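What follows is a short report on a single structure.
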Amino acid sequence: MSLERKDFLGLYDVKADDIYQILDTAEAMKEIFTRTVKKVPTLRGKTIVNLFFEPSTRTKSSFDLAAKRLSADVMSISKSTSSVVKGETLLDTAKTMEVMGADVVVIRHSVPGAPQFLANNIRASVLNAGDGAHGHPTQALLDLYTMREKLGRIEGLKVLIIGDIGHSRVAHSNIWGLTELGAEVRVAGPATLIPAEVEKMGVKTYNNLDKALQDVDVVNILRIQLERQASGLFPSIREYRHFYGMNKERLEEAGKDLLVMHPGPMNRGIEIDSSVADSEQSVITEQVTNGVAIRMALLYLLAGREIEDEDLA
């Protein structure tokens with residue numbers, strides 16, 4: 001079993017069948033979590049390299065754990081510990097890892113297109129763990145997985161994404177995945193944080209959060225990057241919280257069936273109140289668990305090895 005592609009760089013060109021293949025594979029991977037020994041030999045002999053040129057405790061730890069649960073060898077390299085600080089290029093670093101036997105290179109980089117650049121220049125598979133404001137496909141996939149797990153479907157759902165849509169790689173990847181699977185996507189936030197062209201992606205835009213929340217099944221709340229306020233994209237944190245913060249009153253008005261998501265880390269008391277983050281409708285902690293399953297699935301599918309019956313038995 002494989003995705004029939006060398007690399008996984010984003011959801012912008014991934015069709016529904018491939019997305020469902022990843023979600024179904026992740027479901028099998030998640031079953032491993034219930035075992036006494038939470039490890040299978042599926043990727044024994046394979047080498048996964050994590051190249052993280054941006055700080056990311058959650059995503060990096062998730063990829064590390066995913067690889068180890070599949071029995072792969074893991075090398076993790078950050079910008080501060082690589083020869084990049086001595087002037088070595090990204091490509092030099094990746095090629096060094098390749099000649100050391102890397103089968104999959106997981107990369108997170110601040111420059112959009114960095115994963116594509118690597119994919120064009122090395123033989124190893126490249127997996128995008130976030131590139132600039134362009135995309136974060138594994139986060140979107142774990143969000144899709146969580147929606148399907150909790151609500152039984154994705155097609156026909158009404159999903160609202162709140163926050164800084166223009167600068168959010170999570171938002172972009174979610175929009176690509178959700179629309180491909182037939183969900184209705186809405187976005188809400190200050191006009192300065194919602195690019196005009198986002199409607200060309202097939203979404204509905206709202207500047208009024210209370211209107212946007214009407215009849216919604218899922219709300220995905222993005223972390224507000226505080227530097228946006230410093231650059232004048234919205235007047236103040238207090239004003240953002242008033243108009244776009246998800247609080248107890250809005251949660252109650254939206255109804256008890258609303259699913260609450262957040263990619264983390266959260267700014268409690270700004271984009272989301274603790275009463276919402278810790279409510280029974282919140283699946284934020286489950287998203288973290290599902291992230292490991294999704295990354296296990298992608299590493300397995302990119303490595304291209306068949307899972308033997310005894311490996312998952």
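Numbers here are sequence positions counted from 1. All figures in this text were calculated on a predicted structure; none of them were measured in a lab. All values below come from the heavy atoms of this structure, side chains included, with hydrogens, waters and symmetry mates left out.
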Check your understanding: So, does Asp217 use its side chain to make a donor-acceptor pair with the main chain of Lys158 at under 3.5 Å?
Key -> yes

Check your understanding: Is there a donor-acceptor contact under 3.5 Å from the side chain of Ser279 to the main chain of Val276?
Key -> yes

Point to revise | Asp143 with Arg148: basic N within carboxylate O range, under 4.0 Å | key: no

Review point. Would Gln116 and Asn120 count as a side-chain hydrogen bond (donor to acceptor under 3.5 Å, both in side chains) if you check the C-alpha gap in whole Å, the side-chain angles of each, and the deciding distance to 0.1 Å?
Key: CA-CA 6 Å; Gln116 180 71 68; Asn120 292 343; 3.0 Å; yes

Review point. Hey, does the side chain of Glu98 reach the backbone of Ala124 with a donor-acceptor pair shorter than 3.5 angstrom?
Key: yes

**Study point:** Hydrophobic cluster membership, Val105 vs Met75, 4.5 Å side-chain cutoff
**Key:** yes

Exercise for review: Locate the shortest heavy-atom distance separating Ala297 from Ala26; write the atom from each residue and the value.
Suggested key: CB-N, 3.6 Å

Practice item. Kindly compute the distance separating NZ (Lys39) from OG1 (Thr42), expressed to the nearest 0.5 Å. Key: 11.5 Å

Check your understanding: Counting only N and O atoms by type, is there a donor-acceptor contact under 3.5 Å from the side chain of Ser173 to the main-chain atoms of His136?
Key -> yes

Practice item. Run the salt-bridge test on Lys60 and Asp64 with the 4.0 Å N-O cut-off and return the result as yes or no. Key: yes

Point to revise | Distance (rounded to the nearest 0.5 Å) between Ile48 CD1 and Lys68 NZ | key: 12.5 Å

**Study point:** Criterion side chain to side chain contact (heavy atoms under 4.5 Å, CB included) on Met296 and Phe33, from CA distance to verdict
**Key:** CA-CA 11 Å; Met296 288 173 70; Phe33 297 5; 3.7 Å; yes

Exercise for review: State yes or no: do Phe117 and Phe53 share one hydrophobic cluster built from I, L, V, M, F, W and Y residues joined by side-chain heavy-atom distances below 4.5 Å, directly or via other members?
Suggested key: yes

Review point. Any link between Leu209 and Tyr240 through a network of hydrophobic side chains (Ile, Leu, Val, Met, Phe, Trp, Tyr) touching at under 4.5 Å?
Key: yes

Check your understanding: Do the charged groups of Lys30 and Glu149 touch, with an N to O distance under 4.0 Å?
Key -> yes

Practice item. Indicate the ring-plane relationship of Trp176 and Tyr12, choosing parallel, tilted or perpendicular according to the 30° and 60° boundaries. Key: perpendicular

Practice item. Could you pull out all residues at least two apart from His262 that satisfy side chain to side chain contact (heavy atoms under 4.5 Å, CB included)? Key: Ile221, Arg223, Met266, Glu271, Ile272, Ile284

Review point. Is a side-chain donor or acceptor of Thr146 paired with a backbone partner of Leu142 at a separation under 3.5 angstrom?
Key: yes

Check your understanding: Is there a side chain to side chain contact (heavy atoms under 4.5 Å, CB included) between Val104 and Leu43 once you walk through the steps?
Key -> CA-CA 11 Å; Val104 180; Leu43 294 188; over 6 Å; no

**Study point:** Donor-acceptor contact present, side-chain Thr25 to main-chain Gln21, <3.5 Å
**Key:** yes

**Study point:** In one Ile/Leu/Val/Met/Phe/Trp/Tyr side-chain cluster, 4.5 Å: Tyr20, Ile22
**Key:** yes

Revision key, fill the gap. To the nearest 0.5 Å, atom CD1 of Ile165 lies from atom NE2 of His167 at 11.5 Å

Exercise for review: Not counting sequence neighbours, list each pair that qualifies as a salt bridge (charged side-chain N to carboxylate O under 4.0 Å, His left out) and has a residue in residues 177-194.
Suggested key: Glu184-Arg186, Glu184-Lys204

Check your understanding: Is a side-chain N or O of Asp18 found less than 3.5 angstrom from the main chain of Val14, in a donor-acceptor match?
Key -> no

Check your understanding: With no hydrogens and no angle check, is any side-chain donor or acceptor of Asp131 less than 3.5 Å from a backbone partner on Gly113?
Key -> yes

Point to revise | Set of side chain to side chain contact (heavy atoms under 4.5 Å, CB included) partners for Asp73, sequence neighbours left out | key: Thr47

Review point. Taking atom types as modelled and ignoring hydrogens, do the side chains of Ser125 and Asp7 form a donor-acceptor contact shorter than 3.5 angstrom?
Key: no

Practice item. Count the heavy atoms of every other residue, nucleotide or ligand shown that sit under 6.0 Å from CG of Asp17, and state whether that count exceeds 12. Key: no

Exercise for review: Hey, could you give me each pair passing salt bridge (charged side-chain N to carboxylate O under 4.0 Å, His left out) that has a residue in residues 236-249? Not counting sequence neighbours.
Suggested key: Arg241-Asp273

Study note, to complete from the structure: For Val198 and Val203, the nearest pair of non-hydrogen atoms, with its separation, is O-CG2, 3.4 Å

Check your understanding: Sub-3.5 Å donor-acceptor pair from the side chain of Gln281 to the main-chain atoms of Leu259, do we have one?
Key -> no

Study note, to complete from the structure: Output for pair (Ile161 CD1, Met261 CE), nearest 0.5 Å, gives 10.0 Å

Check your understanding: Atom CG in Asn50, atom CZ in Arg295: separation rounded to 0.5 Å?
Key -> 10.5 Å

Practice item. Consider only side-chain heavy atoms of I, L, V, M, F, W and Y, link residues closer than 4.5 Å, and tell whether Leu299 and Val74 are in one cluster. Key: no

Check your understanding: Going by atom types alone, do Glu199 and Thr205 pair a side-chain donor with an acceptor below 3.5 Å?
Key -> yes

Practice item. Given salt bridge (Lys or Arg N to Asp or Glu O under 4.0 Å), test Glu253 with Lys211 step by step and report yes or no. Key: CA-CA 11 Å; Glu253 183 66 24; Lys211 287 184 178 180; over 6 Å; no

Exercise for review: For Lys15, look at atom NZ and say whether over 12 heavy atoms of other residues, nucleotides or ligands are found less than 6.0 Å away.
Suggested key: no

Check your understanding: Looking at residues at least two apart in the chain, or sitting in another chain, which of them share a side chain to side chain contact (heavy atoms under 4.5 Å, CB included) with Leu65?
Key -> Arg69, Val292

Practice item. Could you check Leu251 against Val219 for side chain to side chain contact (heavy atoms under 4.5 Å, CB included), going step by step and ending with a plain yes or no? Key: CA-CA 10 Å; Leu251 183 64; Val219 59; over 6 Å; no

Review point. Would Ile162 and Val187 satisfy side chain to side chain contact (heavy atoms under 4.5 Å, CB included), going step by step from the backbone distance to the final call?
Key: CA-CA 6 Å; Ile162 307 171; Val187 297; over 6 Å; no

**Study point:** By side chain to side chain contact (heavy atoms under 4.5 Å, CB included) - contacts of Ser56 (at least two apart)
**Key:** Phe52, Thr59, Arg108

Practice item. Can you measure from CG (Leu70) to CD1 (Ile32) and round to the nearest 0.5 angstrom? Key: 6.0 Å

Review point. Any side-chain heavy-atom pair from Val283 and Asn290 closer than 4.5 angstrom?
Key: no

Check your understanding: Charged N to carboxylate O under 4.0 angstrom, Asp103 versus Arg123?
Key -> no

Check your understanding: So, does Asn207 use its side chain to make a donor-acceptor pair with the main chain of Gly189 at under 3.5 Å?
Key -> yes

